[in-house]
Amino acid sequence: MSVIQLDPTIVRPVPELIERGPLKLFIDGGWVAASTGETFESIDPATGEVLTTIANGSADDVDRAVRAARRAFEDPSWSEMAPYQRSRILLQIADVLEAHTDELATLNSRDMGGPFWLTRLEIGIAVEVFRHYAGWPTKLYGQVAPSDPSSFNYVLRQPLGVVAAITAWNGPSLQPAWKIAPALATGNTVVHKPADWSSLSAVRFAELLAETDLPRGVFNLVTGDGAGTGEALVRHPGVNKITFTGSTPVGRHIAEVASADFKHVTLELGGKGPVIVFADADLSQAARTAALGFCLGSGQGCVAGSRIFVHSSVKDEFRALLLEEMRSFTLGDPFDPASQMGPLASKQHYDRVKGYLDAARQHGATVESVGTTDSGLYLAPTLIENTTNDALTSREEIFGPVASLMEFTDFDEAIRAGNDTVYGLAATVFTRDLETAHRAARLLDAGTVWINTANEVSAGAMPFGGFKQSGIGREHGTQVLDAYTEVKSVIVRY
Ligand code: NAD
């Protein structure tokens, strides 16, 4: 076992944006400081270094951004833009993102500690998301309804208006892409509030829009904290829709606030994914995939499979394989190509994760961190055993490279245990039997079920979202169109 030491020979790039701070808000096509002059710090979790400062948007700034988005929504340069031109702009955004992949990935790795290969992968998917949605503007059909011969009745699909996009820190470029691309494709305008722990790439994204033909005011960026900036945005009467990715408690609060004036909401919230390993599974493949499922991104993923249920007849064999896979992960500098896991995103988050491990120990569970010991904000893959599905660590989202290992003896028990959670975002099943796979897929309460794979999300084709307290609504798929449009019935009598 070794303690993490950052290798001084590894180059930690400093994009020009970082040297330029304090960073400003992007409102109505221009860059402005927060009206209060307030800023917050961006901190590199690998080193603790303050990278730069960023404007902390006030309620006045939010108001200006929402008004700008409203004006842009009503401006014919956007509202009457030909569908193919809207498609072209989405393709331009994809191209400009792609051309700046390394720079954006570097900003994310410095800001929230993700390994560079992973943050690069994220930008690549974000690019594909914009390309996917570039196909929609030219295919947003309405409907003609059946009617008697003296009338003509049709259904129009129209944009909602101003969309407030609020995102979490663990997917700093992907989450915004999942929201901004469909919102623009369907003709809405956007005010984005990124997470304060990972705002750098969002600022650069707004800058890069200058290289596209997106009209002024269609996209606005207000950086800041949740309680001030975010709260002002969700309360603003000029916002028609809130699309939010974040924790279940904040999602619940947003749903309550939004209900005051019936704003539309899409909520992508927390998860506590079950992983069910049936006795007939390919155990080596299951162990490798399950380990990746809760260690990828240091386990800071809503879809992390953090409750592993294994059939008692194969438990010992699977456990040994799982620990071996966990041991194989290399923790290190996000810019070291050999690093598979970086640090957790912040000191506050690291302390929270460690608190869960202490709680598990206090309740008599066995907590084993394998491979490299932790230091700084690094935490090695960790398995909790001798625990139950109703323990705190099985019920609450830990958001670190931590999973609980439990066992079951029959199919029904496995499904019951998997579903015994307030969450329902993603579930994973390992089996070689088709009937077991499809029965489990049907019975599990989850927006996504993976069979013999994990953590795969599409760049737009498959709907994504949660059952139960994992959220409301879906991103992607054809379902996303309902999330960003109103339908209007037009009845013509002649
Ligand atoms: P969080 O809920 O603390 O914050 C998310 C965003 O909401 C941030 O931008 C934050 O500033 C803002 N916010 C906080 N309080 C607010 C308020 N009162 N009004 C408006 N905005 C407010 O979540 P987090 O810690 O940044 O992210 C981790 C959480 O996100 C986890 O629970 C994870 O499961 C979830 N998540 C879900 C998905 C999904 O697609 N379902 C994806 C990634 C992350």
Side-chain angles (χ1 to χ4, degrees), residues 40 54 56-57 59 62 111-112 114 122 125 129 164-179 191-199 202 221-236 239 242-258 260 263 265-273 294 296-306 344-346 348-353 356 395-400 421-426 446-448 455 457-458 462-476 480 483:
F40 63 94
I54 307 172
N56 192 29
V62 166
D111 217 5
M112 46 73 78
E122 187 196 348
I125 304 174
V129 168
I166 301 177
T167 49
W169 49 265
N170 64 329
S173 294
L174 201 52
Q175 289 169 25
W178 282 28
K179 299 177 184 325
V191 179
H192 178 209
K193 209 265 334 143
D196 27 353
W197 294 352
S198 63
S199 298
L221 174 79
V222 186
T223 45
D225 59 6
T229 319
E231 185 78 23
L233 188 54
V234 295
R235 287 191 182 277
H236 198 292
V239 168
I242 302 162
T243 174
F244 171 79
T245 296
S247 62
T248 293
V250 174
R252 182 176 292 113
H253 171 71
I254 286 177
E256 282 166 12
V257 172
K263 289 184 175 83
V265 287
T266 296
L267 301 175
E268 295 288 0
L269 309 177
K272 193 71 194 173
F294 73 90
L296 188 74
S298 297
Q300 302 169 116
C302 50
V303 293
S306 53
L344 297 188
S346 74
Q348 185 189 335
H349 182 54
Y350 175 85
D351 290 343
R352 188 175 161 274
V353 173
Y356 277 113
R395 283 186 283 113
E396 296 191 4
E397 195 178 31
I398 299 178
F399 231 55
T421 167
V422 297
Y423 295 109
L425 193 58
T448 297
N455 294 33
V457 288
S458 82
M462 297 282 280
F464 181 88
F467 280 32
K468 303 192 284 191
Q469 295 187 29
S470 286
I472 295 175
R474 291 292 179 272
E475 301 194 286
H476 297 336
V480 75

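These numbers come from a predicted model, not from an experiment. Atoms within each ligand, like the ligands themselves, are counted from 1 in listed order. All residue numbers refer to positions in the sequence shown, counting from 1.
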In Å, rounded to the nearest 0.5 Å, how long is the span from [atom1] of [X] to [atom2] of [Y]?
X    : Y    : atom1 : atom2 : result
I242 : L233 : CD1   : CG    : 7.0 Å
S306 : E396 : OG    : CD    : 11.5 Å
K179 : L174 : NZ    : CG    : 10.0 Å

Atoms of ligand 1 close to [X] [distance to a heavy atom under 4.0 angstrom, numbered from 1]:
X    : value
Q175 : 42 (C), 43 (C), 44 (C)
N170 : 43 (C), 44 (C)
W169 : 24 (P), 25 (O), 26 (O), 27 (O)
E397 : 31 (C), 32 (O), 33 (C), 34 (O)
L425 : 41 (N)
F244 : 2 (O), 5 (C), 6 (C), 7 (O)
G230 : 19 (N), 20 (C), 21 (N)
H253 : 18 (N)

Stepwise side-chain contact (heavy atoms from CB on, under 4.5 Å) test for V422 and R395: CA-CA 8 Å; V422 297; R395 283 186 283 113; over 6 Å; no
Got [X] and [Y] here, is their nearest side-chain heavy-atom distance under 4.5 Å?
X    : Y    : value
H476 : S458 : yes
S199 : F40  : yes
K272 : I398 : yes

Test side-chain contact (heavy atoms from CB on, under 4.5 Å) on F244 and V234; report intermediate values, then the result. CA-CA 10 Å; F244 171 79; V234 295; over 6 Å; no
Could you check [atom] against the protein and tell me its nearest heavy-atom contact, residue, atom and distance included?
atom                    : result
atom 12 (C) of ligand 1 : I166 CG2, 3.7 Å
atom 18 (N) of ligand 1 : E231 OE1, 2.8 Å
atom 6 (C) of ligand 1  : T167 O, 3.4 Å
atom 22 (C) of ligand 1 : G226 CA, 3.5 Å
atom 11 (O) of ligand 1 : K193 NZ, 2.7 Å
atom 35 (C) of ligand 1 : G246 O, 3.1 Å
atom 2 (O) of ligand 1  : S247 OG, 2.6 Å
atom 36 (N) of ligand 1 : C302 CB, 3.6 Å

Run the side-chain hydrogen bond (donor to acceptor under 3.5 Å, both in side chains) test on Y423 and E397 for me, step by step, so that the C-alpha distance in whole Å, both residues' side-chain angles and the decisive distance to 0.1 Å come before the verdict. CA-CA 9 Å; Y423 295 109; E397 195 178 31; 4.6 Å; no
Does at least one non-hydrogen atom of [X] fall below 4.0 angstrom from an atom of ligand 1?
X    : value
F464 : yes
W197 : no
P194 : yes
Q300 : no

Taking the side chain from R235 and the backbone from G230, do they hold a donor-acceptor pair closer than 3.5 Å?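 Flag not set: sc R235 to bb G230 has no pair under 3.5 Å.
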Relative to ligand 1, is V250 under 4.0 angstrom through side chain, backbone, both or neither, heavy atoms considered?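 The answer is the side chain of V250.
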May I ask you to identify, for L269, whether its side chain, its backbone, both or neither come under 4.0 Å of ligand 1 on a heavy-atom basis? backbone
For W178 and T245, run side-chain contact (heavy atoms from CB on, under 4.5 Å): C-alpha distance rounded to whole Å, both residues' side-chain angles, the deciding distance at 0.1 Å, then the answer. CA-CA 10 Å; W178 282 28; T245 296; over 6 Å; no
Evaluate V191 against V239 for side-chain contact (heavy atoms from CB on, under 4.5 Å), listing each step before the verdict. CA-CA 9 Å; V191 179; V239 168; over 6 Å; no
Any N/O pair S470/ligand 1 closer than 3.5 Å: no
Can you classify the ring geometry of H349 versus W197 as parallel (below 30°), tilted (30 to 60°) or perpendicular (above 60°)? tilted
Counting only non-hydrogen atoms of the protein, does one fall under 4.0 Å from atom 41 (N) of ligand 1?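 Within 4.0 Å: yes, protein heavy atom nearby.
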Side-chain donor-acceptor pair present, K193, T229, cut-off under 3.5 Å: no
